[in-house]
Amino acid sequence: MFAFRSFRARNPDSMSTELSISARAMARLPGADAGELAHLVGLNPEQRAAVEATEGPVLVLAGAGTGKTRVLTSRLAHLIASRRAQPWQILSVTFTNKAAREMRERAGTMIGPAAQGLQWLGTFHLVSALILRRHAELVGLKSTFTILDMDDQHRLLKQVIAAANIDEKRWTARYLASLIDSWKNRALSPDKVALDEAYSFANGKGAELYATYQGRLRVLNACDFGDLLVHCVTIFRNHPDVLAEYHERFRYILVDEYQDTNIAQYLWLRLLAQKHRNLCVVGDDDQSIYGWRGAEVDNILRFENDFPGAKIIRLERNYRSTEHILAAASGLITANRDRLGKTLWTEESGGQKVLVRGVWDGDAEARLIADDVETWRRQGGRYAQAAILVRASWQMRAFEERFILLGIPYKVIGGPRFFERAEIRDAHAYLRLIRSESDDLAFERIANTPKRGIGDTTIAKIATASRAAEIPLARMAATLLATDELKGPAKAGLKQFLMDLDRWRLRSREIPHPELAELILEESGYTDMLRADKGPQSASKLENLKELVQAMSQFDSLAAYLEHVELVMDVERHEDGDSVQISTLHASKGLEWPLVFLPGWEEEVFPSKRALDEKGQKALEEERRLAYVGVTRARESARISFAANRQIFGRWQSVLPSRFVDELPPNHVEAVSETGYFAGGGGSAAEKFAAYGPLGLDVGAGFGSGYSSPGWKRAQASGMGASSSAAPIKPKIIEGESRLIGKSGPGDAHFAKGARVFHDKFGYGRVTHVEGAKLTVDFEKSGEKRVIDTFVKAA
DNA sequence: TCCGAGCCACTTTTT
DNA sequence: GTGGCTCGGA
């Protein structure tokens, strides 16, 4: 640290090859300042090699739990401490904001305040935006361009489609967005889109619409996520002088999760690394799970060819999981064909086998897992040590409901994200309109929110005129007010709105931006609108807006704040105590927990039917990698489960265990059905479980499986199992609940039958039945539910 | 212009 | 089971 601080004072330009060599020599001296080598302490030989191979292209194949992040941060520290580069001469790109944050934090603990100098550490999109702001004019944008999020993009595309007289039902904006995205992922401009692909939308209009969309973006002085990368690539290609500037700046390049890079990102990196060739990429082909988003596993498979002479270092020692977990995951992934191949090993022998359990239905699965969590907790574990990882977010609901019922605290990772909530986006639209009058998308979003009489027809009138005159909506609205074009409530509302905007814009120069936000939300009537709304969520929406104002105060200016939210669609989550984590498998990558639940391992759910339909074998391998990622998140215990029946689209369907269940190596798995134990190995899981008749797979095998039948529904509603198999489960639940009731005891909140109550999730309702602390409430919106009294307030 | 009723298709996964 | 959209009446 010491050596480092004194070094910071030096002029960065004085760094010469000579100094660099001497620094290198110093770093290798065993007797060198211990502080300087601190970042190498405790690394295993392979990790150390990866850290010290600073020059030339390097590919670090880092299996799950092999200390990948550690290597990256140590390498960063090493480059700086050995004086090969100043912090601002290193480009470190990650895939997610979370990873970037973690890297910055960990680098901070290693190299101290110098980590502040790591200005070029961030996601591909963040770094691209920084670069693009400086050269925006080279691609026809102003440096103040806005970055559209998916919602903006979607609305814009809808307009484009409608303007082209294409049936939006047949050809959805969503689909066009995905096509355009996939083109941008490959850095294809509208004129480069292959004919057959252009034909995949509205009989050949694909490329044309893409071009129209890009034109609209230019008029709006905006770009979408994909553009950030593509524009940079365009600039680097067409302006060698600009590229040279960045060659000079970035002496070393580090890339995390290289297996997730798409073609545009690959080109971006190749252009930037072309001169010094000090490119170090870290990744794991077995954890490539973003193919649907354009990631090319090929990038990592081909690295040696792309960068001749590349060093390849394999990190295979796993520090995370026990032997059985690792072996189960490894066994599973061997079914994949296209892989570089690694053999993970660990010194943690034994441990629990991977538990595979079959249950009757999704509810039973939620009960089982919730019970496990409570057992874990009773035995001294913490909630936060457990995670439930699902394939798709709709699967989360069952667990959330169960946890709410039992009072188990939980947190959804990557759930409905803060900045994507409607109220937050509305607030942002107001602020964006203050920042720039020409933000048409923002204008459209909030012109009539809250209602001020400016309906669709009025907006359409303004839009037509504004497009013809090529001036922003807000300005055209002002022009139209001076004419007789508009009348009645529309005119009055619009006039008031424009006056408000002007006033707020003036105020924005006088008062701090968080205060401005509060002012706008009050004066626009937005908060009043929410207060008047008695829906179950309006209270939490108001809370979110408060949180927004809070978040804003952490930035110097409104502009800085907006720039941040546009790029970092994620908010730093304050760790609020001890709660079970519920996450998608995708969002779980890079994380770990002692206890990991992997529910929903059923055909068509996981592997996902949709993925298989679209991409076939390739998707299957990706789904399998997802399974691999899931299992390798566990340190002590991985518990896979599947149900025989599941409600999909609101209908009961009988489902089969996932093929992945059968691919698990039997020696490392302990399989359990609700009715008893059986030995794993041989035969399909479906057969094995079916053999335990009561589990009921055979029952559901018949057509139109009786589970949507009235009888089944009645059985479900009455809480009784429909077959003998469900019966043994029931007592368990009752036990679980009474235990909880005992815990919450004669609580502070008592409700009588007939009392009106409010619940955060379910809204308002009336108590229909009281049983200790357990209430049955008939909710106005969501029907009858059983809840614990501490979760409702008197209303 | 607004709002409710009824119809629809839909659910991967994210910067 | 949800949310988005259309249609008809106030």
Side-chain angles (χ1 to χ4, degrees), chain A residues 93-100 122-129 147-150 153-154 158 168-170 172-175 177-178 181 184-185 223-229 257 260-262 264-265 288-295 362 389-398 401 413-417 419-420 422 448 450-460 486-494 565-570 583-589 600 604-615 619 622-623 625-626 629-630 646-652 781-783:
Chain A
V93 279
T94 62
F95 208 61
T96 64
N97 292 301
K98 194 174 67 188
T123 61
F124 275 99
H125 293 88
L126 180 96
V127 173
S128 295
I147 301 163
L148 302 191
D149 61 26
M150 281 188 338
Q153 186 189 24
H154 190 253
K158 267 174 119 165
E168 281 179 75
K169 286 251 169 80
R170 174 85 183 77
T172 64
R174 221 173 90 89
Y175 180 47
S178 75
D181 247 22
K184 289 185 177 174
N185 286 336
C223 64
D224 62 24
F225 274 100
D227 281 336
L228 293 172
L229 270 306
E257 308 279 16
D260 288 335
T261 52
N262 60 35
Q265 286 158 339
S288 164
I289 54 176
Y290 287 102
W292 52 273
R293 195 170 99 182
L389 309 180
V390 296
R391 173 66 241 265
S393 35
W394 59 263
Q395 296 171 268
M396 293 179 178
R397 194 179 315 138
E401 281 176 2
I413 301 178
R417 283 180 302 170
F419 291 123
E420 281 170 13
N448 203 29
K451 302 260 177 292
R452 35 174 91 87
I454 309 172
D456 292 343
T457 34
T458 309
I459 296 278
L486 305 169
K487 34 191 149 334
K491 185 163 190 168
L494 189 60
V565 295
E566 281 167 352
L567 279 164
V568 185
M569 294 300 293
D570 198 11
S583 168
T584 60
L585 286 160
H586 282 90
S588 77
K589 190 162 67 149
E604 310 217 331
V605 174
F606 188 39
S608 139
K609 174 176 161 55
R610 170 109 175 229
L612 263 45
D613 285 350
E614 277 171 21
K615 294 244 175 90
E622 182 153 315
E623 296 285 303
R625 291 193 289 266
L626 207 45
V629 166
R646 195 170 287 279
Q647 221 175 0
I648 296 171
F649 292 135
R651 302 215 153 253
W652 282 100
K781 294 249 162 89
S782 26

Contact class for A:Lys158 vs. all strands (heavy atom < 4.0 Å): base, sugar-phosphate, or nothing?
-> sugar-phosphate

- Query: For A:Lys451, which contact category applies under a 4.0 Å heavy-atom criterion: base, sugar-phosphate, or nothing?
  - Reply: sugar-phosphate

Exercise. Tell me whether A:Phe124 is stacked on the nucleobase of B:dT15, counting only the six-membered base ring and applying the 5.5 Å and 30° thresholds.
Key: no

Per nearest nucleotide of DNA chain B, the residue lying toward the 5' end, A:Gly455 or A:Met150, is A:Gly455

One should read off an interatomic distance between A:Asn97 CG and A:Leu567 CG, to the nearest 0.5 angstrom, of 8.0 Å

Q) What does A:Arg174 touch in the nucleic acid at a heavy-atom separation under 4.0 angstrom: a base, only the sugar-phosphate, or nothing? A) sugar-phosphate

Here the distance between atom P of B:dT15 and atom NZ of A:Lys589, to the nearest Å, is 11 Å

From CG of A:Asp181 across to C1' of B:dT14 the rounded distance in Å is 10 Å

Within less than 4.0 Å of OP1 or OP2 of B:dC2, is there a side-chain N or O belonging to A:Asn448?
yes

Per atom distances to the A:Trp292 side chain, the nearest of B:dT13, B:dT15, B:dT1 is B:dT13

*asked:* Using OP1 and OP2 only, check whether a side-chain N or O of A:Thr584 sits under 4.0 Å from B:dT14.
replied: yes

Rounded to the nearest 0.5 Å, the NZ atom of A:Lys589 sits from the CG atom of A:Asp260 at a distance of 3.5 Å

>> Is the phosphate of B:dT1 approached by A:Thr458 (side-chain N or O, under 4.0 Å from OP1 or OP2)?
In response: yes

note: A:Arg651, atom CZ; B:dA9, atom P; distance rounded to Å ~ 14 Å

Rounded to whole Å, the CD-P distance (A:Gln647 to C:dG1) equals 6 Å

Interatomic distance, CD1@A:Ile289 vs OG1@A:Thr584, rounded to 0.5 Å, equals 8.0 Å

Quick note, A:Arg397 side chain, CB onward, closest among B:dT15, C:dG1, B:dT14 is C:dG1

A:Lys98 atom NZ is separated from B:dT14 atom P, nearest whole Å, by 10 Å

By nearest-nucleotide position on DNA chain B, the 5'-leaning member of A:Ile459 and A:Ala611 is A:Ile459

Taking C-beta and beyond as the side chain, do A:His586 and A:Tyr290 meet within less than 4.5 Å on heavy atoms?
yes

Do side-chain atoms of A:Gln265 reach the backbone of A:Asn262 as a donor and acceptor pair under 3.5 angstrom?
yes

Rounded to whole Å, NZ of A:Lys609 lies from P of B:dT13 at a distance of 17 Å

Taken to the nearest whole Å, NZ/A:Lys491 to P/B:dT1 is 15 Å

From NE2 of A:His154 across to P of B:dT14 the rounded distance in Å is 17 Å

